Amino acid sequence: MGLRLALLGLLALAALVASLGIGSLTIPPTAVWGALTGDATGTAARVVLELRLPRALAAFAVGGLLALAGALMQVLLRNPLADPYVLGISGGAAVAALGTMVLGAAGALVAPAAFGGALASMLLVFALARAAGGGGDRLLLTGVVVAAGWGAVISFLLAVAGERQVHGMLFWLMGDLSQPGDPLPALGLLAVALIVALAAARSLNLLARGEQQAAVLGVAVPALRRGVYFGASLATAAAVTLAGSVGFVGLVVPHLMRLWVSSDHRWLLPAAVLAGGTLLTLADTLARTIIAPQQLPVGVLTALVGVPLFLYLLVRGRR
């Protein structure tokens, strides 16, 4: 297990390095190293430090957060189809962010609005599920219904938006890392969330076997469920705030890591973070390179990869 985890770490590092050199302007590895160490100046160094490095770190943080949230959601609901977006968190963020765009608010307000909308949607789903009984199935069903409601509101906002606003709104909905902002808060949250989740890895392993069995073995199941839901929701909110709606990372990556690494959360959680970060870093590099200088929404590429891969996993699991 340790060897495979180390391999994932090397792949993540290679993806980050590749993202700094590949693009509409190809920068050789020596120039990338010089820019990172401060030994180089000029256009190449500015491109690496001011454009590509923040974007690569943001992509890794978003991918890691989504994969971690997906792994936690799947053990919480004991459902391999659980996804960070299926509980309506992304929909709440999208409604808040698109609402600020329609109202013509400053671009700096979009990210805080998205974060607030995600947290508000999380609290709404949790409160409704608790009022309806609070079980995992209730939580999943409540999230699906709330997500459908947010989808209707999003359609309304797109219908009433001006022509100039629609393009930016659609890019945000499909996942956009062209203006990622400061990635350090998201990276910090990813590190803290992973450490906290690893501390609860034994309890998560027991919870995956069933709530009754976990309770018999001394796990405080209600408190653990609340903590897992809040942590996964917070991670999803941070990811959506930074990059918009990026699908399939939180759904597919935990599946792959269970098959290739382990279902033990002590190994699964760090593996999912490394694999999710690597996947989104590579996808974003391709998104800004395939038809350069034009850029594709990164969510388009994750969907193109995620849909057939997930269908393959479903068929393989059935066999």
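Keep in mind the model is a prediction, meaning the values are calculated, not measured. Numbers here are sequence positions counted from 1.
Arg209 places no side-chain N or O within 3.5 Å of a backbone atom of Ala214 that could act as its donor or acceptor partner. Proximity of a side-chain donor or acceptor of Ser121 to a complementary backbone N or O of Ala118 within less than 3.5 Å is not detected. Proximity of a side-chain donor or acceptor of Ser263 to a complementary backbone N or O of Arg258 within less than 3.5 Å is not detected.
The shortest non-hydrogen separation linking Leu217 to Arg202 is O-NH2, 4.4 Å. Shortest non-hydrogen contact noted between Gly23 and Thr289 is CA-OG1, 3.8 Å. When all heavy atoms of Met73 and Ile89 are compared, the pair lying nearest together is CE-CD1, 3.9 Å. Smallest separation of non-hydrogen atoms from Leu234 and Leu119: CD1-CD2, 4.0 Å. Smallest separation of non-hydrogen atoms from Pro254 and Gly70: CG-C, 3.9 Å.
When the side-chain hydrogen bond (donor to acceptor under 3.5 Å, both in side chains) test is applied to Asp264, the partners found at least two apart in sequence or on another chain are Asn205, Arg266. A search for side-chain hydrogen bond (donor to acceptor under 3.5 Å, both in side chains) contacts involving Trp267 returns nothing, not counting sequence neighbours. Considering only residues two or more places apart in sequence or on other chains, Leu256 meets the side-chain contact (heavy atoms from CB on, under 4.5 Å) condition with Val252, Leu309, Leu313. Under the side-chain contact (heavy atoms from CB on, under 4.5 Å) criterion, Ala303 pairs with Phe248, sequence neighbours left out. For Gln165, the side-chain contact (heavy atoms from CB on, under 4.5 Å) partners two or more places apart in sequence, or in a different chain, are Ala161, Met169. In this structure, Arg226 has no salt bridge (charged side-chain N to carboxylate O under 4.0 Å, His left out) partners at least two apart in sequence or on a different chain. Judged as a side-chain hydrogen bond (donor to acceptor under 3.5 Å, both in side chains), and not counting sequence neighbours, the contacts of Thr37 are Asp39.
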Please report, to 0.1 Å, the donor-acceptor pairs under 3.5 Å made by any side chain of residues 268-281, with sequence neighbours excluded.
residue : atom : partner : partner atom : Å
Thr278  : OG1  : Leu274  : O            : 2.7
Thr281  : OG1  : Gly277  : O            : 2.7

Please list every donor-acceptor pair under 3.5 Å in which a side-chain atom of residues 235-245 meets a protein atom from a residue at least two apart or in another chain.
residue : atom : partner : partner atom : Å
Thr236  : OG1  : Ala232  : O            : 2.8
Thr241  : OG1  : Phe115  : N            : 3.4
Thr241  : OG1  : Ala237  : O            : 2.7
Ser245  : OG   : Ser90   : OG           : 3.0

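The structure places CG of Leu128 at 11.0 Å from CG of Leu123, a figure rounded to the nearest 0.5 Å. In this structure, CZ in Phe60 is found 9.5 Å from CG in Leu13, a value given to the nearest 0.5 Å. Atom CG in Asp176 sits 11.5 Å away from atom CG in Leu170 (nearest 0.5 Å).
Every pair tested for side chain to side chain donor-acceptor pair (under 3.5 Å) that includes a residue from residues 5-17 fails, sequence neighbours excluded, so the list is empty. Residue pairs satisfying the salt bridge (Lys or Arg N to Asp or Glu O under 4.0 Å) criterion with at least one member in residues 277-297, sequence neighbours excluded, are listed as follows: Arg55-Asp284.
With Thr142 as the partner, the side chain to side chain contact (heavy atoms under 4.5 Å, CB included) test is satisfied by one option alone out of Val144, Val145, Val146: Val146.
The hydrophobic cluster containing Val196, built from Ile/Leu/Val/Met/Phe/Trp/Tyr side-chain heavy atoms closer than 4.5 Å, also comprises Val192.
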